[in-house]
Amino acid sequence: MNGTNRRDLFLVTFSILSLELAVIRWMSQQVTLFAYLGSVLLIGAFLGMGLGVALGRKRPKLFGLTLPALAALSGVLAFSEKLHILHTRFPGRSVAMWGMENAKNFASSMAVIVALFAAVAIVFLLAGTRVGEIFAASEALDAYAVDLAGSFAGVVAMAIVSSAQTPPPVWFALGGIPLAFVSRRWTSWIALGAVLLFTTLSIRGAIFSPYYRIDLDRAGDVTGAPIRLSVNRDFHQYIHDFSARHLNDPALSPEIRMRLASAEATYRLPFALAPRRDSALVVGAGTGNDVAAALRQGFREVVSVDIDPRIIDIGRELHPERPYDDHRTIPIVNDARAYFEQTNRQFDVVDFGLLDSHAVFSAMSSLRLDNYVYTVEAMRSAWRHVRTPGLMSVSFSIAEREWLSDRLVKIVHDATGVDPVIVPHAIQRGRFFIVTKGIDPRVLATNFRLRTLPRPDTTHVEAATDDWPFLYLSPGEIPVGYIAMVAAILLIAVIGTRAVFGPGLFRGQSFDPMLFVMGAAFLLIETCSVTDLSLLFGSTWVVNAAVFAGVLAVVFAANALVRKGHAPNISLVFGLLFASLLVNYFIRPDQLLTLGVVTRSILGPLLAALPVGFAGIIFSSVFARSAEPNASLGSNLLGAVVGGCLEFLSMATGLRALTLLALTFYLVALFLYRRSEATIVNA
């Protein structure tokens with residue numbers, strides 16, 4: 001590989017990885033529905049890259065259209081509100097999405113999803129052509145090493161700009177400038193300028209955290225709340241002023257004063273019920289309403305946990321009661337589940353403060369940021385931190401979803417062995433689910449004159465667990481929307497693949513079925529790595545970025561091993577791969593959580609890395625023999641599209657089953673490998 005190709009390949013793969021993450025983040029902010037469908041966009045990127053890499057040898061000039069295509073997509077997204085696609089709803093009601101589900105017009109909603117998916121695929125198809133062109137003219141493993149190095153650098157760069165809480169123009173400049181440089185066309189620079197203009201226009205005073213686009217506006221006299229905070233263009237929380245000074249403000253109307261008093265009593269209730277006032281833990285603390293309530297109730301210490309550092313900063317800057325400035329408050333930036341597992345402290349009150357998410361934690365998975373918080377195992381862990389006498393309170397917005405209330409009752413009961421007291425409240429049409437230690441809940445309800453609801457029959461209710469953490473999945477609903485969406489994605493993939501590889505798809509020499517199958521399997525084990533390690537260390541962006549970077553680093557090391565001729569026999573590696581997958585199937589992350597922090601910090605990443613490393617050795621060994629590296633790599637990426645679609649099966653089967661599915665794909669790959677070896681010997 002000459003120096004120009006090496007440089008261009010590094011820059012293009014750096015850009016592709018950066019833009020992949022940038023597009024997924026920005027689209028979730030400009031079309032709110034995609035905050036819940038990040039994996040769909042990732043599948044679109046894989047589909048585009050697979051087709052582009054395979055096509056690059058024949059159509060290298062298409063690369064120059066990458067940034068113009070991105071500019072066209074950016075123009076649509078920048079004006080998503082005026083185009084009436086900002087609040088596109090999901091076609092179906094199988095999953096609760098805070099009002100973003102159950103579209104009135106199934107066809108139009110599907111049309112928006114499919115059109116944007118196709119647009120993303122086109123952008124990455126065009127970008128992938130330069131990668132395919134270089135692979136076609138290079139030694140396969142050398143080119144693959146540069147590809148992995150560029151991708152790794154892209155992940156690290158995006159992690160850095162995310163940590164700096166930068167806005168979208170920075171993300172797209174990071175990924176776009178190298179593409180414009182490699183393109184060597186003035187039209188690419190103009191198109192990049194348009195992308196940066198459109199992304200700048202979309203900001204409109206927003207703040208950006210590692211997880212969300214955050215918008216603040218004055219709620220005014222409608223609610224009596226001074227500031228409303230929205231994430232990804234969707235309401236998230238109010239910043240309330242419940243101080244005595246404000247509640248007694250004569251400028252407030254009697255109706256507003258009554259509403260505020262009711263809301264203040266709701267926030268204060270879990271802390272008022274506590275028999276002691278030594279320490280309280282608030283998870284999902286947000287801007288500090290629950291923290292302020294605990295402080296008003298006289299707690300000597302309040303530990304507040306929230307995953308988003310920027311939301312805590314906003315609370316510190318703007319909350320009228322200044323709860324984060326109080327010396328009794330200890331703010332902690334962490335995932336709630338991770339904090340439960342990382343501390344041995346006990347509290348008089350453990351309060352879940354309307355903790356909910358409006359985003360998936362990784363584009364590799366359909367799990368949301370809070371999915372591992374609302375499981376039986378998580379509640380059991382939280383319960384261990386409740387002192388006797390003491391209580392745990394889970395506040396959640398239920399609205400009309402009685403099935404969601406029933407599931408939370410089941411989760412809390414199975415975790416604690418105590419029937420929760422169910423107390424309805426007016427904030428976001430929510431309910432408290434309160435369990436006590438050393439306190440008779442019936443006496444508690446009577447003494448505080450709580451209006452309680454009868455405990456529902458949860459005999460046949462499925463509780464969310466670490467293996468099936470889908471709190472928001474509606475029981476008994478056929479996921480018509482997901483089925484239609486996946487069917488449309490696969491149809492587009494089949495049409496695109498046939499167009500690139502020709503009508504004799506599986507008979508031709510270009511398409512590589514073994515690497516296709518391995519692509520599907522690898523996407524599944526990568527998904528398992530992300531979900532397993534997020535359970536061990538928290539569903540934070542830091543963990544997510546570390547897993548992405550770690551996977552690339554392990555694959556790079558595997559490729560280097562093969563390049564130097566040190567790889568063991570491939571049949572042996574297949575055996576080690578199968579063994580490592582079975583170990584991961586039987587040893588689950590929740591079992592590792594019972595070990596010490598140091599032990600699980602070693603075993604967790606090691607168990608995740610082993611199948612990735614063995615799969616990487618097999619891939620590089622097979623890839624090295626390819627007569628058409630660009631077509632083989634394209635086949636592998638197209639296989640990842642199938643793996644991404646199959647990830648949705650976890651909603652039915654649980655996450656653990658994905659490991660068995662990956663194992664099945666690798667068994668098929670072994671069969672195809674043995675058949676190809678036999679063909680070579682017979683020839």
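Hydrogens, waters and symmetry mates are skipped; everything else that's a heavy atom, side chains included, is used.
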The test is salt bridge (charged side-chain N to carboxylate O under 4.0 Å, His left out); show your working for Glu101 and Arg401 and say whether it passes. CA-CA 13 Å; Glu101 71 275 23; Arg401 305 178 188 91; 3.4 Å; yes
Measure across Ala145 and Phe556 and return the closest heavy-atom pair with its distance rounded to 0.1 Å. O-CE1, 3.4 Å
Val283 vs Phe340, side-chain contact (heavy atoms from CB on, under 4.5 Å): CA-CA, chis, key distance, verdict: CA-CA 10 Å; Val283 293; Phe340 294 150; 3.9 Å; yes
Is there a donor-acceptor contact under 3.5 Å from the side chain of Ser109 to the main chain of Arg89? yes
Worked verdict on Trp403 versus Val461 for side-chain contact (heavy atoms from CB on, under 4.5 Å): CA-CA 8 Å; Trp403 59 265; Val461 174; over 6 Å; no
Sorted by chain and number, sequence neighbours left out, salt bridge (charged side-chain N to carboxylate O under 4.0 Å, His left out) with Asp532 holds for Arg588
For Tyr212 and Gln29, work out which heavy atoms get closest and say how close. C-NE2, 4.2 Å
Look up atom CD1 in Ile618 and atom CD1 in Ile570, then write down how far apart they are to the nearest 0.5 Å. 6.0 Å
Per the ring pair (Phe, Tyr, Trp, His ring centres under 6.0 Å) rule, what does the pair list look like for residues 105-128, sequence neighbours excluded? none
Evaluate the side-chain proximity of Val486 to Val40: yes if any heavy-atom separation is below 4.5 Å, no if none is. no
So, for Phe90 and Tyr482, is the gap between ring centers shorter than 6.0 Å? yes
Donor-acceptor pair between Ser162 and Arg25 side chains, under 3.5 angstrom: yes
Distance col, row Met514:CE vs Phe623:CZ, nearest 0.5 angstrom, shows 13.0 Å
Distance, nearest 0.5 Å, that separates CZ of Phe537 from CG of Leu593: 9.0 Å
Would you call Leu667 and Phe578 a side-chain contact if the rule is heavy atoms closer than 4.5 Å? yes
Using the six-membered ring wherever Trp is involved, compare the ring planes of Phe511 and Phe516 and label them parallel, tilted or perpendicular (cut-offs 30° and 60°). tilted
Closest non-hydrogen atoms of Ala363 and Ile24, given as atom of the first, atom of the second and distance, are CB-CD1, 3.7 Å
Side-chain heavy-atom pair Phe470, Val95 within 4.5 angstrom cut-off: no
Decide yes or no on side-chain contact (heavy atoms from CB on, under 4.5 Å) for Ile478 and Ile483, but give the supporting numbers first. CA-CA 9 Å; Ile478 298 175; Ile483 293 171; 4.3 Å; yes
Could you tell me if the ring centre of Trp468 sits under 6.0 Å from that of Tyr374? no
Are the side chain of Thr659 and the backbone N or O of Leu581 linked by a donor-acceptor pair below 3.5 Å? no
Between Arg380 and Glu341, is there a side-chain N and carboxylate O pair less than 4.0 Å apart? no
For residues Ser151 and Asp147, determine if any side-chain heavy atom of one lies less than 4.5 Å from a side-chain heavy atom of the other. yes
Side-chain donor/acceptor of Asn105 to backbone N/O of Ala107, under 3.5 Å: yes
Okay, side chain of Thr66, backbone of Ala127: is any donor-acceptor separation there less than 3.5 Å? yes
Would you name the heavy atoms of Asn559 and Ser620 that are closest together and state the gap between them? OD1-OG, 2.9 Å
Rounded to the nearest 0.5 Å, what's the gap from CE on Met364 to CD on Glu647? Could you check? 8.5 Å
Where the side chain of Arg213 meets the backbone of Arg233, is there a donor-acceptor pair that is under 3.5 Å apart? no
Closest heavy-atom pair and its distance - Cys528, Leu658: SG-CB, 3.7 Å
State whether a side-chain donor-acceptor pair under 3.5 Å links Thr375 with Asp466. yes
Does any donor atom in the side chain of His358 or Asp356 lie under 3.5 Å from an acceptor atom in the other side chain? yes
Without placing hydrogens or testing angles, list every side-chain donor-acceptor pair under 3.5 Å for residues 540-553, not counting sequence neighbours.
{"from": "Thr540", "atom 1": "OG1", "to": "Val543", "atom 2": "N", "distance (Å)": "3.3"}
{"from": "Asn544", "atom 1": "OD1", "to": "Ser362", "atom 2": "OG", "distance (Å)": "3.3"}
{"from": "Asn544", "atom 1": "ND2", "to": "Phe361", "atom 2": "O", "distance (Å)": "3.0"}

Donor on one side chain, acceptor on other, Asp308 and Ser209, under 3.5 Å: yes
Shortest non-hydrogen contact between Leu473 and Arg407, atoms and distance: O-NH1, 2.6 Å
Side chains of Tyr36 and Met100: does their closest heavy-atom pair fall under 4.5 Å? yes
Does the Ser632 side chain pair with the main chain of Ser626, one donor and one acceptor, at a distance under 3.5 Å? no
Decide side-chain contact (heavy atoms from CB on, under 4.5 Å) for Phe396 and Leu471; before the verdict, give the C-alpha distance in whole Å, the side-chain angles of both, and the deciding distance to 0.1 Å. CA-CA 12 Å; Phe396 207 88; Leu471 174 72; 3.8 Å; yes
When you compare the side chain of Ser15 with that of Ser18, does any pair of heavy atoms fall below 4.5 Å? no
Is the closest side-chain donor-acceptor distance between Gln342 and Asn334 under 3.5 Å? yes
Quick one: is the NZ or CZ of Arg368 closer than 6.0 Å to the six-membered ring centre of Tyr472, and within 45° of its axis? yes
Looking only at side chains, do Ser635 and Asp512 share a donor and an acceptor under 3.5 Å apart? no
Assess whether atom CZ of Arg93 is packed by more than 12 heavy atoms of other residues, nucleotides or ligands within 6.0 Å. no
Approximate separation, where rounding is to 0.5 Å, of Ile113 CD1 and Met485 CE: 6.5 Å
For a 4.5 angstrom cut-off between non-hydrogen side-chain atoms, does Ser94 reach Val480? no
Mind checking whether Trp171 and Phe208 have parallel, tilted or perpendicular rings, split at 30° and 60°? perpendicular
In Å, rounded to the nearest 0.5 Å, how long is the span from OG of Ser580 to CZ of Phe614? 5.5 Å
Check whether any side-chain N or O of Thr497 sits under 3.5 Å from a backbone N or O of Val494 as a donor-acceptor pair, and report yes or no. no
Asp306 and Val333, any side-chain heavy atoms less than 4.5 Å apart: no
